[in-house]
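Reviewing the structure listed below.
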Amino acid sequence: AWCHALRGDGAAVLEIAERNLDIVTRNDLTFPEHWVTVLYALGLAATGEVNRVQRQIEALHERGSALRTLVLNAIWLASAEASVLYHCGEHESAAELCIAVLERIDRYGIRVSESSTLRILANCKMAAGATAQAREHMERARSVAYARGARPDIAHADLALARLCASAR
């Protein structure tokens with residue numbers, strides 16, 4: 001669908017959206033409904049029907065579950081981007097992105113990636129020499145992971161806290 005849209009073939013995108021809508025409707029699926037709306041908007045944009053694009057975007061916002069899914073994906077992707085930035089040595093940019101992700105998590109109440117984002121932020125603070133802040137973020141990451149029952153995240157936080165304690169000696 002994206003390739004058709006880039007080529008300006010809105011009719012092909014609309015056809016793909018129709019097929020997806022049929023699958024979603026027939027199987028009573030709610031999770032992918034936002035993608036169908038996005039496909040429609042993409043197809044309409046490629047055909048130059050701007051007014052219909054606006055209506056599709058409004059329809060997307062009316063669907064709470066679709067919007068929630070989009071926010072969830074945005075949070076997850078931003079957290080992943082922060083991880084990449086951290087591993088590329090761009091600690092300050094990664095920390096700023098982590099803070100923005102955590103603000104979104106608080107605003108929308110969608111707790112996805114919260115403990116891993118806190119761990120990335122803690123690692124950024126540790127790289128900057130702010131050990132007290134790093135420990136605070138890591139302890140919060142552990143507590144969030146514990147509350148969610150996310151044992152791998154608990155183990156990551158425990159290991160990081162152990163390393164922080166060892167480096168303080």
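Numbers for residues simply follow the sequence, beginning at 1. Please read these numbers as outputs of a predicted model, since none were measured by experiment.
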Q.
Does this structure show an ion pair linking R148 with E114, if we count only N-O contacts that are shorter than 4.0 Å?
A. no
Q. So, are D153 and R119 salt-bridged, with charged N and O less than 4.0 Å apart?
A. yes
What's the spacing between [X] [atom1] and [Y] [atom2] if we round to 0.5 Å?
{"X": "E136", "Y": "T131", "atom1": "CD", "atom2": "OG1", "answer": "12.5 Å"}
{"X": "K125", "Y": "C98", "atom1": "NZ", "atom2": "SG", "answer": "9.5 Å"}
{"X": "N123", "Y": "H156", "atom1": "CG", "atom2": "NE2", "answer": "11.0 Å"}
{"X": "H137", "Y": "M126", "atom1": "NE2", "atom2": "CE", "answer": "12.0 Å"}

Search all heavy atoms of [X] against all heavy atoms of [Y] and return the closest pair with its distance.
{"X": "A157", "Y": "M138", "value": "O-CG, 3.8 Å"}
{"X": "I120", "Y": "Y86", "value": "CG2-CB, 4.1 Å"}
{"X": "S79", "Y": "T117", "value": "OG-OG1, 2.8 Å"}
{"X": "A82", "Y": "L97", "value": "N-CD2, 3.5 Å"}

Q. Do the non-hydrogen side-chain atoms of S116 and S83 ever get within less than 4.5 Å of each other?
A. no
Q: Quick one: list whatever passes salt bridge (Lys or Arg N to Asp or Glu O under 4.0 Å) with E139, sequence neighbours left out.
A: R135
Q: Kindly work out whether a path of hydrophobic side-chain contacts (I/L/V/M/F/W/Y, heavy atoms less than 4.5 Å apart) joins V144 to I105.
A: yes
Q | Under 3.5 Å donor-acceptor, S167 side chain and L164 backbone | A | yes
Q.
Between S113 and V101, does the side chain to side chain contact (heavy atoms under 4.5 Å, CB included) criterion hold? Intermediate values first, please.
A. CA-CA 9 Å; S113 300; V101 168; 5.7 Å; no
Q) When you look at R142 and L118, which way does the side chain to side chain contact (heavy atoms under 4.5 Å, CB included) test go after all the steps? A) CA-CA 9 Å; R142 186 189 187 290; L118 284 163; over 6 Å; no
